Amino acid sequence: MDESPAVCIRVEALDPVFDQTAQALAERLGLPLGGEAQFALQLGEQGLQLAELGAQAPGPVRVDFVEGAVAHRRLFGGGSGQMIAKAVGVQPGVRPRVLDATAGLGRDAFVLACLGCEVTLLERQPLIGALLADGLARAARNPEVGPIVARMHLRQGDAIAQMRQWQGEPPQVIYLDPMFPHRDKSALVKKEMRLFRPLVGDDLDAPALLEAALALASHRVVVKRPRKAPIIEGGKPGYSLEGKSSRYDIYALQSLKG
């Protein structure tokens with residue numbers, strides 16, 4: 001990953017009832033409470049959210065597995081017919097154990113959990129990890145979504161290091177979606193990219209990420225890319241699944257069977 005530019009972020013409570021929690025969060029993340037900032041990690045009734053500050057700023061981003069676009073996809077997204085399901089090897093009687101090593105806001109991991117996969121999520125950016133943990137905690141309290149997010153297990157820290165030092169049974173499938181200038185034109189994605197790119201930058205260590213994944217996965221590695229982007233430097237995928245704006249490069253190591 002490249003060196004991210006200096007970004008000033010503060011933590012703030014949107015209601016005095018959250019003051020104590022906000023203070024604990026600020027201490028844990030090493031961020032100031034209040035003061036001048038470009039971004040604010042805000043704690044309120046709807047949970048934790050990240051907001052860009054200023055007159056032309058878009059609205060805040062939070063992780064929500066219960067309502068909105070993610071809920072719509074859960075209900076109407078096409079189930080096991082979705083391209084991501086085919087890419088990771090979901091088939092009758094097969095629900096692979098997946099490691100999502102670039103979890104981000106957890107949307108793809110949630111889709112896989114909806115399909116019945118056990119998913120471990122790795123996220124190395126502490127602020128995004130905090131948003132994801134908050135979204136999972138809120139979803140766990142929802143009777144409909146709680147059983148789904150119970151299949152999602154968040155681990156924070158550097159994905160390459162964690163994969164290289166993995167203890168126990170390896171994941172069958174490792175899923176990678178490195179930060180890249182995505183061509184997705186949706187307002188939601190553009191807003192998120194505007195917020196997160198200053199914090200995260202691009203994944204310049206994607207080849208090392210792929211190398212670590214290929215060394216750990218027992219059955220396959222799946223890399224999500226913009227449709228016209230080059231493959232990640234390293235081994236060549238066995239095959240690809242291509243959609244309108246993105247594709248999945250599949251590095252098959254052995255067959256997934258029921």
Side-chain angles (χ1 to χ4, degrees), residues 1 70 73-74 77-124 148 151-153 155 158-164 166 168-184 189 202-258:
M1 184 175 293
V70 175
R73 187 170 176 184
R74 170 173 62 88
S80 58
Q82 297 174 80
M83 199 159 51
I84 187 174
K86 295 174 183 175
V88 303
V90 169
Q91 51 193 290
V94 177
R95 294 297 183 271
R97 296 185 321 279
V98 180
L99 170 63
D100 182 349
T102 51
L105 296 180
R107 287 201 190 95
D108 287 342
F110 182 71
V111 169
L112 296 175
C114 285
L115 296 171
C117 297
E118 289 286 330
V119 188
T120 299
L121 299 84
L122 290 181
E123 177 50 50
R124 62 177 162 187
I148 296 169
R151 292 192 282 272
M152 299 169 68
H153 316 284
R155 293 167 58 163
D158 182 75
I160 295 171
Q162 293 213 31
M163 285 193 284
R164 286 175 177 167
W166 193 267
E169 192 174 11
Q172 292 173 293
V173 177
I174 298 180
Y175 179 82
L176 304 174
D177 181 10
M179 183 70 85
F180 193 86
H182 282 273
R183 302 282 186 262
D184 194 317
V189 171
D202 288 334
D203 280 315
L204 300 183
D205 57 0
L209 199 62
L210 176 59
E211 182 185 11
L214 288 169
L216 175 62
S218 64
H219 287 70
R220 72 172 63 177
V221 174
V222 177
V223 182
K224 184 179 181 181
R225 301 292 278 163
R227 187 170 63 88
K228 295 184 179 179
I231 63 170
I232 292 178
E233 188 181 326
K236 289 187 178 178
Y239 64 101
S240 298
L241 299 175
E242 198 169 291
K244 289 180 183 174
S245 62
S246 60
R247 73 167 195 272
Y248 296 90
D249 293 338
I250 290 111
Y251 301 75
L253 304 170
Q254 64 172 303
S255 179
L256 284 158
K257 295 173 183 168

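Positions are given from 1 along the sequence. Owing to the predicted nature of the structure, the values given are computational and were not obtained by experimental measurement. The figures here come from the full heavy-atom set of this structure, side chains too, leaving out hydrogens, waters and symmetry mates.
Closest heavy-atom contact between Ala212 and Arg164: CB-CG, 4.3 Å. Considering all non-hydrogen atoms of both residues, Leu253 and Ala217 come closest at CD1-O, 3.2 Å. In terms of heavy-atom proximity, Tyr251 sits nearest to Gly235 at CE2-O, 3.1 Å. The minimum heavy-atom distance linking Pro96 with Leu256 is given by the pair CB-CD2, 4.0 Å. Considering every non-hydrogen atom in both Cys114 and Ile148, the closest pair reads N-CG2, 3.7 Å. In plain terms, the two heavy atoms of Leu209 and Ala159 that are nearest each other are CD1-CB, 3.9 Å.
A side-chain donor-acceptor contact under 3.5 Å links Arg225 to the backbone of Pro230. A donor-acceptor pair under 3.5 Å links the side-chain atoms of Arg220 to the main chain of Ala87, judged by distance alone. A donor-acceptor pair under 3.5 Å links the side-chain atoms of Thr102 to the main chain of Asp177, judged by distance alone. With hydrogens and angles ignored, the 3.5 Å screen pairs no side-chain donor or acceptor of Glu242 with any backbone N or O of Arg227. Checking side-chain atoms of Arg107 against main-chain N and O of Ala103 turns up no donor-acceptor pair under 3.5 Å. Checked by atom type and distance alone, the side chain of Arg97 never pairs as donor or acceptor with a backbone atom of Glu118 at under 3.5 Å.
Remark: Gln172 CD is packed, more than 12 non-hydrogen atoms of other residues, nucleotides or ligands lying under 6.0 Å away. Within a 6.0 Å radius of CD in Glu233, other residues, nucleotides and ligands contribute 12 heavy atoms or fewer.
For Asp205 and Arg124, the salt-bridge test passes: some basic side-chain N is under 4.0 Å from an acidic carboxylate O.
You'll find the side chain of Leu216 reaches within 4.5 Å of the side chain of Leu99, heavy atoms only. Side-chain contact between Pro237 and Ile250: absent, with no pair of heavy atoms (C-beta onward) separated by less than 4.5 Å. Contact annotation: the side chain of Ile232 approaches that of Pro178 to within less than 4.5 Å [non-hydrogen atoms, C-beta and beyond].
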Requested in this report: Check step by step if side-chain contact (heavy atoms from CB on, under 4.5 Å) holds for Leu112 and Asp100.
Outcome: CA-CA 10 Å; Leu112 296 175; Asp100 182 349; over 6 Å; no
Report task. Report the C-alpha separation of Ile231 and Arg247 in whole Å, then their side-chain angles, then the decisive distance to 0.1 Å, and conclude whether the side-chain contact (heavy atoms from CB on, under 4.5 Å) test is met. Result -> CA-CA 10 Å; Ile231 63 170; Arg247 73 167 195 272; 3.6 Å; yes
Query raised in the report: Can Tyr175 and Val119 be said to form a side-chain contact (heavy atoms from CB on, under 4.5 Å), step by step?
Result: CA-CA 10 Å; Tyr175 179 82; Val119 188; over 6 Å; no
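Rounding to the nearest 0.5 angstrom, the gap separating the CG atom in Leu122 from the CD1 atom in Ile160 is 11.0 Å. Going from atom NE2 of His153 over to atom CG of Leu121 covers 9.0 Å, rounded to the nearest 0.5 Å. Rounded to the nearest 0.5 Å, atoms CE (Met152) and SG (Cys117) are 11.5 Å apart. From Leu241, atom CG reaches atom CD of Gln82 across 13.0 Å, with rounding to the nearest 0.5 Å.
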